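Side chains included, hydrogens not; waters and symmetry mates left out as well; all remaining heavy atoms used. As the structure is a prediction and not an experimental result, all values here were calculated from the model.
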Amino acid sequence: MAAGTRRYREGAELPRVHEDVDRVVGLFTSMGYERVLTSVSYDPSAAGFENALADWCHSDRLTADDVVVVYYAGHGDLAPSGGYRLACADSAAARPRSWLSLTNIAMSLADSPVRNVLLIVDACLAAAAGSDIGQVTDAIVARRPRADTFGAGTWLLASARHRDLAVDGAFVTELASACGQGDGPSQRYLAPSVLADRVNRSFVAAGLAQRAACSSVDQSEPPPFFLNPAFDEHAEIYFQRLPPTRHAVTIALLTALAFGEGNGLPRRIWVPVAARLQAGVVTLHDLDGSGQAEVIRTDLDRPALVDHIHRAQGTVVAIAEWDRLTLLDLGSAITVSEPYSLDLWRRGRFAHASEQEPVFVAANGDELLVMRLNGPTLRARAEDAAIDGALLTAPVLHDERVYLVISDLVGPVLVVDCASTAVSSPLYGHESAVCLVRVLSSADAHGPDVLAIGTDGTARLWPWPGNAKETARAPTLDAGSPRIDDLVAWHGAPGTVLAFADGGMRSLTSMVSAGGPHQTHRPPSGDGFHALHGPCVPDPDGLLNMLVRVSSGVAAHAYAWCRVGATCVDLQCVTEDSGSPGSGLHAHLVPPTSFRSRTRGLFFDALQGTSKALDSPDTAAEWEPIPWGVAPRHDVVVSTAFTGLSGRLTLITAVRPARSLEQTVGGSLAFPTMPGLPGAPAVRNVGTDAHVVGRVWTHGADGWADSGSLPLVPGVVRLLPHHGAGGTRWIAQRGQDNACRVLDLETVREYALSPPWSPWHRPHAFTSPRGEWWTEQPDGTPLLLFTGVPSDRGGPASRVLVWGPDRPEQVPRALPVLLSGALCTGQAPNGEAVVAFSDASGVSLCHLPSCEKVWSAPLPAHITALVPVPGSPHLDLAVGTQQGVVFLRPRLSRSWRDRLGVG
């Protein structure tokens, strides 16, 4: 049964819920499930859903062998009493019984004949439902007859952990994808824990904070909920076809394969096969001697051989059952067992260098376990040890302390002290997602080396630091050169770029062009630089203007306007008017034009309805009022500034209602607007999703004047003007549904460049780079580059499309190479427009007028920034990576050198 609520009496609409319900139905009916209770599938009331489920659970048709799946999508919340509840169409805060009760649902199912139940809760804080389900299920199961079977028990698959917000539409897409991957041909069913891990890896790749979780109650059999599409019944029963005389030899072979990881079958095949064939018996085979078999243990419940470690006294093995871990010394038959549910995806491992005193370390999403064959067991919460999101682990015993090297695939490598749960400084430098971490023996007396392998084939090796006993925390490892956050061409100093990293900026002269000193600039006020905001703007005299986000002790949101010269840094920090909280301050640099030869700064406080125009960072100006009104908790404000075709300083503002869980101008997450909300302004100029109105304000001697309105793209999130020498005529717009349009200010006409598309229906859409960039041809004609729908070739890459106003109705042309990250535009020595960007393997250079590829080169690095070296006659490029800056000189063909005027 699948149900969900899209529209609520007192809650924000969830537009994708009904679609998720239909996708879940399609997923499970394809596995042979029968759909029931369709009358309460869409926007049900709490009473209607609970009564329908209770009546169905007590029908005569149900048996203990039936498999039941209940899916519900909607808003989830913690009741004032502390229990978890789900919102329905009629739910109201003042009516507790109007909410869907997980306790009631679990009671109806547990009191029925069914013994295989899966509850899928797709809502915020969903994992919090586990305690309610467990309490009531345990109480009912305790009253059943002793001969009654548990079956697979009751499982909860939650789309979000107990503190996570669930993104509308995200979970079901990834769950279906995880099921489609299948598993080994001998496995009839997919484990919910494996699917949750696959979903979480997709969430990590998409940059989402949400994580799925699963738990079970009263389980005695494997969960039969998800059929494995790769299952082959012949693979499961092939052992039964062997003659009895060959059984012992086959067992020995499979055992040898299991012990020879890396030299035999893949783990996902040999672990379940060995576990099935052993049937709870651990047998030792003498392969080199008599060939006799010795049964060592017969009391294990569906065991799996996890890892082993050789030592002089004999091999020690780790054996995992459903709820227990056992260390077994094959030489002395000594065993140590601990209750623990091992996640075979993040399975445990014996610590490196623990051959003399074997130490086994296991980690799942809840708990860290350190087991010794001859010593005490250590347990710690995964969250306390910073390993709750770790998918790759490598334990090591060093200086009598146990450490765990971890990675979550996309972040840095960390070292955790298992005793103190202290965490080392991050190990940066791997230039891609990490697919393996290992600890290697080293001739250095200080300790082993840490190895990380990236998915792009690169490897990074870090030495262990000095004696770990000298510090109470885990060792701090050298992270090497800093990650480059941004690069900017400094046209006032040929051959020089500015690199931003570690809260400061450094000028770097290309060694390809000429040698020169490196100079470091830091903000004189002591405020911390966070990141560049918008493009940097050069003045004719060589000064470079930039806006930088800063953290200030005065306000939570502030910008610094920096003007950098060869010997100086001018800076002015601007905060919200009257220090108002939130994210209402907008900052813009307006480049020089034929009307004005210097850059201007415009700061707009959307919360206060005031603005400040500055002629330079070292001048003062007062805040000027603009007729304005917003609802801080419910509105989103978008703005841009430029010099109009008349030469006047122009500001365009747009206000629209925030969508569910979108950050508002007041800095909070949006919640539904209630009718008659007190304090909401009478006139807000707020548009709708279908029609957003942009207000045009021009600045003169008497301040700001209202100069009319403009139609903007629905759900507008970004406005990007083209700053021409004669002012701005064209503005690129991006909508929340990713539609891209261009507005002609002279004719007030819109050109639709790309249709809306939903990232939930595109693989890698969240990690695919998106944006818009303006550049110019030699005659000043603008060209717009923008990303369209992500590529269907797989991987985080996007198509780059090119549009020009000389042929505005023409379909935008696509560049022949897919964009994977950083992009920059520039001019060849003959003035023609070119674009350089990172692709799947390195850097590519394209000619914009023809959209042809000029050059490419592989670069085994994660590229974070890219910029042409100013003044270079060879089209030199500066490339920022996680380990510093690389200067490249493209090796062009003779024909392209002639076409571009390259020396």
Side-chain angles (χ1 to χ4, degrees), residues 259-263 267 306-311 315-318 327 342-343 345-364 368-373 375 378 380 382 385-387 389-409 411-430 432-455 457-471 473-480:
F259 273 74
E261 179 183 353
N263 300 311
R267 187 188 314 154
V306 178
D307 196 14
H308 70 285
I309 188 168
H310 297 299
R311 58 178 190 157
T315 298
V316 178
V317 298
L327 301 186
L342 182 65
D343 186 339
W345 173 256
R346 292 176 286 199
R347 71 190 195 109
R349 184 183 298 275
F350 281 100
H352 173 82
S354 69
E355 291 83 1
Q356 296 302 318
E357 293 294 335
V359 178
F360 184 81
V361 181
N364 57 27
L368 169 69
L369 177 72
V370 179
M371 292 180 63
R372 298 175 183 267
L373 192 64
L378 172 69
I387 64 170
L391 297 177
L392 302 174
T393 59
V396 57
L397 179 65
H398 178 63
D399 279 349
E400 300 181 359
R401 300 181 71 88
V402 181
Y403 299 98
L404 190 63
V405 182
I406 64 173
S407 173
D408 64 356
L409 301 182
V413 176
L414 301 171
V415 180
V416 178
D417 185 324
C418 294
S420 66
T421 67
V423 182
S424 72
S425 299
L427 305 183
Y428 293 105
H430 50 83
S432 62
V434 176
C435 62
L436 181 143
V437 292
R438 285 290 185 270
V439 179
L440 306 179
S441 299
S442 171
D444 191 338
H446 291 304
D449 293 335
V450 177
L451 175 71
I453 305 296
T455 54
T458 61
R460 294 292 180 268
L461 192 67
W462 292 276
W464 202 269
N467 195 336
K469 290 182 178 179
E470 299 174 359
T471 175
R473 66 194 303 273
T476 299
L477 305 183
D478 183 14

Quick one: [atom1] on [X] to [atom2] on [Y], what's the gap to the nearest 0.5 Å?
X: Phe360; Y: Leu369; atom1: CZ; atom2: CG; value: 8.0 Å
X: Arg438; Y: Thr393; atom1: CZ; atom2: OG1; value: 8.5 Å
X: Ser407; Y: Ile453; atom1: OG; atom2: CD1; value: 12.0 Å
X: Tyr403; Y: His352; atom1: OH; atom2: NE2; value: 13.5 Å
X: Arg349; Y: Leu404; atom1: CZ; atom2: CG; value: 10.5 Å
X: Ile406; Y: Leu414; atom1: CD1; atom2: CG; value: 5.0 Å

Testing the basics here: between [X] and [Y], what is the closest heavy-atom pair and its distance to 0.1 Å?
X: Ser442; Y: Gly447; answer: CB-O, 3.4 Å
X: Gln356; Y: Arg311; answer: O-NH1, 3.4 Å
X: Ala452; Y: Trp462; answer: CB-CZ3, 3.7 Å
X: Phe350; Y: Asp307; answer: N-OD2, 2.9 Å
X: Val439; Y: Pro395; answer: CG2-O, 4.5 Å

| said: Quick one, Val413 with Val405, criterion side chain to side chain contact (heavy atoms under 4.5 Å, CB included). Give me CA distance, side-chain angles, the key distance, then yes/no. | reply: CA-CA 7 Å; Val413 176; Val405 182; 3.5 Å; yes
Practice item. Mind running side chain to side chain contact (heavy atoms under 4.5 Å, CB included) on Ser354 and Arg372 for me, showing each step along the way? Key: CA-CA 10 Å; Ser354 69; Arg372 298 175 183 267; over 6 Å; no
Query raised in the report: Are the side chain of Asp449 and the backbone N or O of Leu461 linked by a donor-acceptor pair below 3.5 Å?
Result: no
Margin query: Is there a side-chain contact between Leu368 and Leu378 in this structure, where contact means two heavy atoms from C-beta onward sitting under 4.5 Å apart?
Written below: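 Side chain of Leu368 against side chain of Leu378, heavy atoms only: no contact under 4.5 Å found.
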